[in-house]
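Some notes on the structure that comes next.
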Amino acid sequence: MTGRLAGKVALVTGGASGLGAESARRMAREGAAVVLTDLQADAGQAVADEILAAGGRAAFLPHEVTDEARWIEVVAWTVERFGRIDVLVNSAGVGSGGQPILEATLEGWRRITAINLDGTFLGVRHVAPLMAAAGGGSIINLSSILGKVGLPGATAYCASKGGVLMLTKAAAVELAPLGVRVNSVHPGFIETPMVQNVFREADNGNERRDLIISSHPLGRLGVPREIADAIVFLASDESSFMTGSEVVVDGGYTAV
Ligand SMILES: NC(=O)c1ccc[n+]([C@@H]2O[C@H](COP(=O)([O-])OP(=O)(O)OC[C@H]3O[C@@H](n4cnc5c(N)ncnc54)[C@H](O)[C@@H]3O)[C@@H](O)[C@H]2O)c1
């Protein structure tokens, strides 16, 4: 078996779409066996089938990341089927819904933080012990530039992603002696269904798009491959001295 991730087993949440799907494809191409999970069963199975058709190893499992009992089942199934988990990519997430804080509801806040932050916590909580017992692993948490800087209408999203940033650092420090690395990835605005839906649902979608593009010094939105490449690097032994790092891939958004 060849590739930068040869022999590794990766679990990817949010694997049916966007950054999770592209990370799964690219990790499989580098030799990893990939278990994709998501709420969207048909789309997730289609990504797994695509990987299998290309000669890779993959499987899909339906998974609600806020459901702790389901996490336990997903982890047990993955170990039963592939023997171990070397890489966890916590990519499942939801966008902000564009709710100004003066109109926000506790229900809306809880939904976003439950999926983006609690879901990531549960992944770390249930996969890290296995990695530690096996002598190590790499956990990659999708935060955002909005875990580092604010955006109007995105209070709960920013809070959830800031939480992911600090969950990552605290876990990295605690798990380092056990050989488990934990890093966060902070994408700028990337062309995925999450971002395309924001533009589609806005009254002034084209203007919003232009405004957001102009906030990236590189003058465009990113594409999923540009985030997946960073994730492959963090999953691989090439990043063996990195833990607790904030890997910013944002076309310069936070440099301004
Ligand atoms: N696209 C961007 O510009 C961008 C920027 C910064 C951070 N991110 C983060 O990257 C991650 C992936 O985003 P994306 O752009 O690929 O979005 P996406 O909407 O294309 O994919 C997200 C996936 O998560 C799944 N999901 C949502 N809620 C879930 C739940 N409760 N349980 C299980 N699965 C669930 C969805 O079904 C979907 O397939 C998210 O955490 C997002 O916040 C994205």
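Order of listing sets the numbers, starting from 1, for every ligand and every atom in it. Keep in mind that what you see is a predicted model, and the values were worked out from it rather than measured.
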Mind checking whether G95 has a heavy atom under 4.0 Å from ligand 1?
no
I would like to know whether R111 and D118 meet salt bridge (charged side-chain N to carboxylate O under 4.0 Å, His left out); could you show each step before the answer?
CA-CA 10 Å; R111 176 176 166 271; D118 298 2; over 6 Å; no
Using a strict threshold of under 4.0 Å (side-chain N to carboxylate O), is an ion pair present between D86 and R84?
yes
Below a 4.0 angstrom heavy-atom separation, can you tell me which part of A43, side chain or backbone, both or neither, approaches ligand 1?
neither
Closest to atom 27 (C) of ligand 1 among protein heavy atoms sits G93 O, 3.5 Å
Which residue and atom name correspond to the protein heavy atom nearest atom 29 (C) of ligand 1, and how close is it?
L39 CD1, 3.5 Å
Nearest protein heavy atom to atom 44 (C) of ligand 1, by residue and atom, and its distance?
L19 CD1, 3.7 Å
Would you say I101 has more than 12 foreign heavy atoms packed within less than 6.0 Å of its CD1?
no
Of all heavy-atom pairs linking L19 and P224, the shortest is CD2-CA, 3.8 Å
min-distance protein heavy atom vs atom 17 (O) of ligand 1 -> M194 CB, 3.4 Å
Going by the atom numbers of ligand 1, which of them fall below 4.0 Å from some non-hydrogen atom of Q40?
36 (C), 37 (O), 38 (C), 39 (O)
Do ligand 1 and E64 have nitrogen or oxygen atoms that lie under 3.5 Å from each other?
yes
Pair D237 + K8, salt bridge at N-O below 4.0 Å
yes
Result of checking M27, R26, R29 against L5 for side chain to side chain contact (heavy atoms under 4.5 Å, CB included):
M27
For the pair F189 and Y253, name the ring-plane relationship: parallel under 30°, tilted 30 to 60°, perpendicular over 60°.
tilted
Residue selection (non-hydrogen contact nearest atom 11 (C) of ligand 1) among S17, P193, S91
S91
Have a look at ligand 1 and work out which part of V65, if any, has a heavy atom under 4.0 Å from it: side chain, backbone, both or neither.
both
Lys/Arg-Asp/Glu bridge criterion (N-O < 4.0 Å) met for R70, E73:
yes
Backbone or side-chain N or O of P187 under 3.5 Å from ligand 1 N or O
no
With the threshold set at under 4.0 angstrom, would you say T13 reaches ligand 1 through any of its heavy atoms?
no
G18 heavy atoms within 4.0 Å reach ligand 1 at atoms 16 (O), 20 (O)
From the options F189, Y157, Y253, select the one whose nearest heavy atom is closest to atom 42 (C) of ligand 1.
Y157
So which protein heavy atom does atom 4 (C) of ligand 1 come closest to, and at what separation?
G188 O, 4.0 Å
Considering non-hydrogen atoms of the protein only, which is the closest contact for atom 41 (O) of ligand 1, and what is the distance?
K161 NZ, 2.8 Å
So is D38 touching ligand 1 or not, going by heavy atoms under 4.0 Å?
yes
Does H186 have a heavy atom less than 4.0 Å from any atom of ligand 1?
no
Worked verdict on L39 versus H63 for side-chain contact (heavy atoms from CB on, under 4.5 Å):
CA-CA 5 Å; L39 287 177; H63 184 195; over 6 Å; no
Considering only protein heavy atoms, which is closest to atom 33 (C) of ligand 1, and at what distance to one decimal place?
H63 O, 3.1 Å
Closest non-hydrogen protein atom to atom 1 (N) of ligand 1, residue and atom name please, with distance?
T192 OG1, 3.1 Å
Sub-4.5 Å side-chain heavy-atom contact between I139 and N183:
no
So is A114 touching ligand 1 or not, going by heavy atoms under 4.0 Å?
no
Ionic contact status for E30 with R25, cut-off 4.0 Å:
no
Is E191 salt-bridged to R220, going by a charged N under 4.0 Å from an acidic O?
no
